[in-house]
Amino acid sequence: MSILAAAALGGITGAAGAQGDTVKIGVILPMTGPSASTGKQIDAAIKLWIAQNGNKAGGKRVEVIVKDDAGVADTTRRLAQELVVNDKVVALAGFGLTPLALATAPIATQSKTPMVVMAAATSSITEASPFITRTSFTLPQVTLGLADWAAKNKIKKVVSLVTDYGPGNDAEKYFAERFTLDGGSVLEKLRTPLRGADFAPVLQKVRDLSPDALFVFLPSGQGATFMKQFAERGLDKAGIKLIATGDVTDDDQLNDMGDVALGIVTSHHYSASHDSPANKKFVAAFEAANKFRPNFMAVAGYDGMRLIYTGLNGSKGQGGEALMNAMKGQIFESPRGPVLIDAQTREIVQDIYTRKVERVNGQLYNVEFDVQKAVKDPAKNRK
Ligand code: PHB
């Protein structure tokens, strides 16, 4: 951070962003680059929230400013500084990948600007600043239930494959710990790089190791390429079961994956086919506005806007600590199911579903068949 920018940040205190009759929300998303689908989904969800709920909260007019960081952390940090110093935003939101959220955390702390993480899912993110809260999920939160499911379903030997950064580390670690406790064994832990992953070499290794199942975490946007290579290598026919976090069978790409995706068991907090009146309403409105299906990123963007609007109502349009405090402890019915923002950890508590890819009315969906209620981030509970 430049000295000038740091000085400017230091000068901004609790009343940040609450200027006159307008409050600004600064949203930073990867609208281009490899994570563009995350930006597209969250941007569409924010627009839907505003179309349905208007542009007033806490007695102020709300203005949303969306910026594209292309998934590059230096850009995220610069945009966050500009939004805080020049635009005097009342809150920052978005954050498509873990490094982008972590790069912004010191700015949130120094300027006391609440930061709502709508995508990134490494457990430690909310510990990087007392001004961070989250409407997405954490990898430990969605991984333990899948390890239990695998152990109960005749899977004894697993190879894990994750993207080599924060959320992948979390998924690999929490899966292995729980699956081993359950009596299973992890034969090998494989990793692929975040950028430019080629899955062919690791898939060959998996074939040679011949486990009962392959456990996979990849960030949203990589699932379709992975599934194509999985099928090309014939792993679907080699009797190796695929189990994954729901990031791999992402609703944004799932329907185009074809029959190779059928039967994949995943664990996650949101499926577009979640059977509740609130979700049916959300999906219908989202699809009518966008001509594509909402995924878990969209639902976190939508809920993040609810969190900020309700927070602004509670703080009477003030930013800083007043807004942060008003966001803590919120309970509401999300399209994903009931959720709570834990006031202590600022982390989302939510139901986690076990699902299987099935064809429903000609379309591929993650069909939920089991649920763990009100799951907290396990990484925080054991400290
Ligand atoms: C992350 O970078 O934290 C991340 C991104 C996409 C996902 C999950 C985690 O689907």
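Throughout, residue positions are numbered sequentially from 1 according to the sequence presented. As the structure lists them, so they are numbered: ligands from 1, and atoms in each ligand from 1.
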Side-chain donor or acceptor of Asp43 paired with backbone N/O of Gly39 under 3.5 Å: no
Answer side chain, backbone, both or neither: which part of Ala120 comes under 4.0 Å from ligand 1, heavy atoms only. both
Where's the contact between Phe95 and ligand 1, heavy-atom distance under 4.0 Å: side chain, backbone, both or neither? neither
Which atoms of ligand 1 are found less than 4.0 Å from any heavy atom of Phe296? 10 (O)
Quick check on contacts: which atoms of ligand 1 are under 4.0 angstrom from a heavy atom of Met297? 6 (C), 7 (C), 10 (O)
Quick test: of every protein heavy atom, which one is nearest to [atom], and how far off is it to 0.1 Å?
atom                   : result
atom 4 (C) of ligand 1 : Tyr165 OH, 3.5 Å
atom 8 (C) of ligand 1 : Asp247 OD2, 3.3 Å
atom 3 (O) of ligand 1 : Thr98 OG1, 2.5 Å

No-hydrogen, no-angle side-chain donor-acceptor test under 3.5 Å, Arg191 and Asn169: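 Looking only at side-chain atoms, Asn169 and Arg191 do form a donor-acceptor pair, the distance falling under 3.5 Å.
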Is a side-chain donor-acceptor pair under 3.5 Å present for Thr126 with Lys380?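 Yes - a donor-acceptor pair under 3.5 Å links their side chains.
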Check: [X] ring centroid to [Y] ring centroid under 6.0 Å:
X      : Y      : result
His269 : Tyr353 : no
Phe282 : Tyr302 : yes
Phe179 : Phe215 : no

If you measure from atom 5 (C) of ligand 1 to every heavy atom of Ser220, Gly168, Gly96, Gly166, which option wins on shortest distance? Gly96
To the nearest 0.5 Å, what is the distance between CZ on Phe226 and CG on Leu242?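 The CG atom of Leu242 is 5.5 Å from CZ of Phe226, to the nearest 0.5 Å.
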Could you say whether the N/O atoms of Ala121 and ligand 1 ever approach to under 3.5 Å?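 Yes, at least one N or O pair falls under 3.5 Å.
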